[in-house]
There are 2 protein chains.
Amino acid sequence: MEDPQHPARATVASLARRAGVAASTVSRALRDDPRISPQVRARIAALAAEAGYTPNALARTLVSGRSGLIGLVLGPIENPFYTELMQQAVVQAAARGYRLLLLHVGSGPIDDATAAALLQYRVDGCLITSAELSSRAASVCAANGVPVVMINRVAREHASAVSCDNLAAGETLADLLLAAGHRRMAVIAGNPGTSTNIERADGFIRRVTAAGLPAPAVLPGGGDHAAGYAAGQAVAALPRAERPDALFGVSDILAMGAMDALREAGLSVPGDISVVGADGIAAAGRPPYRLTSYAQPLEAMVSRGLDLLLARIGGARMPDERVLLRGQLIRRASARLPLEAALT
Amino acid sequence: MEDPQHPARATVASLARRAGVAASTVSRALRDDPRISPQVRARIAALAAEAGYTPNALARTLVSGRSGLIGLVLGPIENPFYTELMQQAVVQAAARGYRLLLLHVGSGPIDDATAAALLQYRVDGCLITSAELSSRAASVCAANGVPVVMINRVAREHASAVSCDNLAAGETLADLLLAAGHRRMAVIAGNPGTSTNIERADGFIRRVTAAGLPAPAVLPGGGDHAAGYAAGQAVAALPRAERPDALFGVSDILAMGAMDALREAGLSVPGDISVVGADGIAAAGRPPYRLTSYAQPLEAMVSRGLDLLLARIGGARMPDERVLLRGQLIRRASARLPLEAALT
DNA sequence: TTGAAAGCGTTACCAC
DNA sequence: GTGGTAACGCTTTCAA
């Protein structure tokens, strides 16, 4: 088991021995404790650098009670929104001195061993993004006093949540389509039971009916491109008179799938039918789609989420909090423009 | 700082006290050491369950020297290949009892603090996928005896590597296009200096020239959709006589970008020009693209990568190894079909 | 079959 | 300013 090529890693004790000082002195010197004399500190720093010393974060955790680790529970990567979220989380957590323990990626519930790992590695907090309402990770954390922040998802209990104002998303998109003169709307729903998707659809429907139009048809959808594609095919198969003139996919990936199906069926987007989505993923802005979308303020969501998490980790006792961030409408070419320029 | 709602977590010591036995007995009982009597073991197990005991993996690491953590250094998410890889890595590592410490996501070099974290958290090994040749993570690991396996990337030194046979990828695609009667080929290059992309292009070019055709033009590309799009625009702008009749994007995302640009310019794919890619990402198979691609055997790559990593972690002293896995040609609609059915 | 004690690497507390 | 010691939670000798 011994590796002759790599001498035992330097430790506080080994440095102390070589420097002829006590371990506690080394520990203090390395962390720039003000009461260590400059000379000693310099000498120890030099020694440490020479020996390639790296503090053992795990040992430090043992005594400090802080691991510097944040658990990340991620949704299905079929929706690029989650990977963009992951990217933000990694970068922003690192900037704050935290590392991410990636525990789960996918749509299913998390398994026992994974939930256990959350506790075994003593994560200081947990970021949960999975759209599944039945996230076991959340209850495990709650039961063990591990702070949790949900991102893009409502907390049933025992957790704070940061999300986009999904109701506003639906409303804003409905307003846009209404202003453009659309009269027959339809919605492609997300996975059943996911709060985000339900709210978006609700906001949309509410606004359309408030305008005195018939309630939009709600087509079964899901969480990936294929689901949107299927919905798009269903729409394209409708007799012309029954076909909606505008389609709202509650997530961009759904809307993109729908666009692909519509176009394949020979329909023009936005010529024959306008399509809009929500999330603001990068792929939706690209040439074949140029999807009009209500973008989530991803960077801010992660930032606020970490704020909440770190405050709790820092010991602040605060009630669970729900932060709603306003997103931004991005008008692109997938939807007909409003007749008048005036739009709130 | 004390949290009254959550009593101090149970420890081996606290269980020992409550059970009236020694800590060592508890430790052994919980890990099913055969020499603990069934009664005692049962009693301790019951107590542990009741107290919601979770072993502290960090403390265990301190004595065992194994953290059960694998560092994951990921490439830019603009290319979905890396997120698909991440998904595989998480799932497969979990199945083997390991957790992933997500250290870096992006194309840039990894910063000092991140590289340090790799050592501080005592990862047992490291999986590196970043396409950047100048991966500092690798040298940091090498210098500290941390086993490293590169996936989809060649190791310069001090690491094993698992990759797809990229040369074969280029060759296979060239063969396909040649068989389909294409005569003027072009390649959209990847990021300069990335072995994967270079090999694919080399294999392609070699085969085309071997067939007695002029060497394919090599267009500057990059690592994302935008780069492919730009290349596609450049191709579309060419006078008809100079325009290639087949285009190889060294990664799917590039090829997709090119397709988008070509079609926007009014060209038909594959009517006017065939497009092929490599990687086999999910998005490339979807309706607007249906991209003919040489797919990397992602699952197997991750699996073999973990094999190599865990063998080394287990103490095996083996020379650095390079594993080349054969990929699979997926024929779809983005490229004209071969004239004759016969194709190796 | 079980217990006691040492030790993993670090920090914190209390002396000096 | 610096040193000693205890403690974090666990596993692993070594004894009994």
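Only a predicted model underlies this, so the values are computations on that prediction, with no experimental measurement involved. Every chain is numbered from 1 and lettered A, B, ... according to where its sequence line falls, protein lines coming before strand lines.
You'll find the side chain of A:Arg322 reaches within 4.5 Å of the side chain of A:Ser163, heavy atoms only.
In this structure, the separation between CG on A:Leu298 and SG on A:Cys164 is 10.0 Å, given to the nearest 0.5 Å. Distance check, rounded to the nearest 0.5 Å: CZ of A:Arg122 to CG of A:Leu101 gives 13.0 Å. Taking CE from A:Met86 and CG from A:Leu127, the interatomic distance works out to 13.0 Å, rounded to the nearest 0.5 Å. For the atom pair CG of B:Leu85 and OG1 of B:Thr129, the computed distance is 5.0 Å after rounding to the nearest 0.5 Å.
Note that the first and last nucleotides of DNA chain D, 5' to 3', having any atom under 4.0 angstrom from a heavy atom of chain A are D:dG1 to D:dG9.
Across B:Val162, B:Val149, B:Ile151, B:Ile70, a single residue satisfies side-chain contact (heavy atoms from CB on, under 4.5 Å) together with B:Leu306, and that is B:Ile70.
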Review item, nucleotides 9-12 of chain C N/O atoms under 3.5 Å of protein N/O:
residue : atom : partner : partner atom : Å
C:dG9   : N2   : A:Ala59 : O            : 3.4
C:dT10  : OP1  : A:Tyr53 : OH           : 2.5
C:dT10  : OP1  : A:Asn56 : N            : 3.1
C:dT10  : OP2  : A:Val12 : N            : 2.5
C:dT11  : OP1  : A:Arg60 : NE           : 2.7
C:dT11  : OP1  : A:Arg60 : NH2          : 3.1
C:dT11  : OP2  : A:Ser27 : OG           : 2.8

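The stretch residues 75-103 of chain B participates, sequence neighbours left out, in these salt bridge (Lys or Arg N to Asp or Glu O under 4.0 Å) pairs: B:Arg96-B:Asp307.
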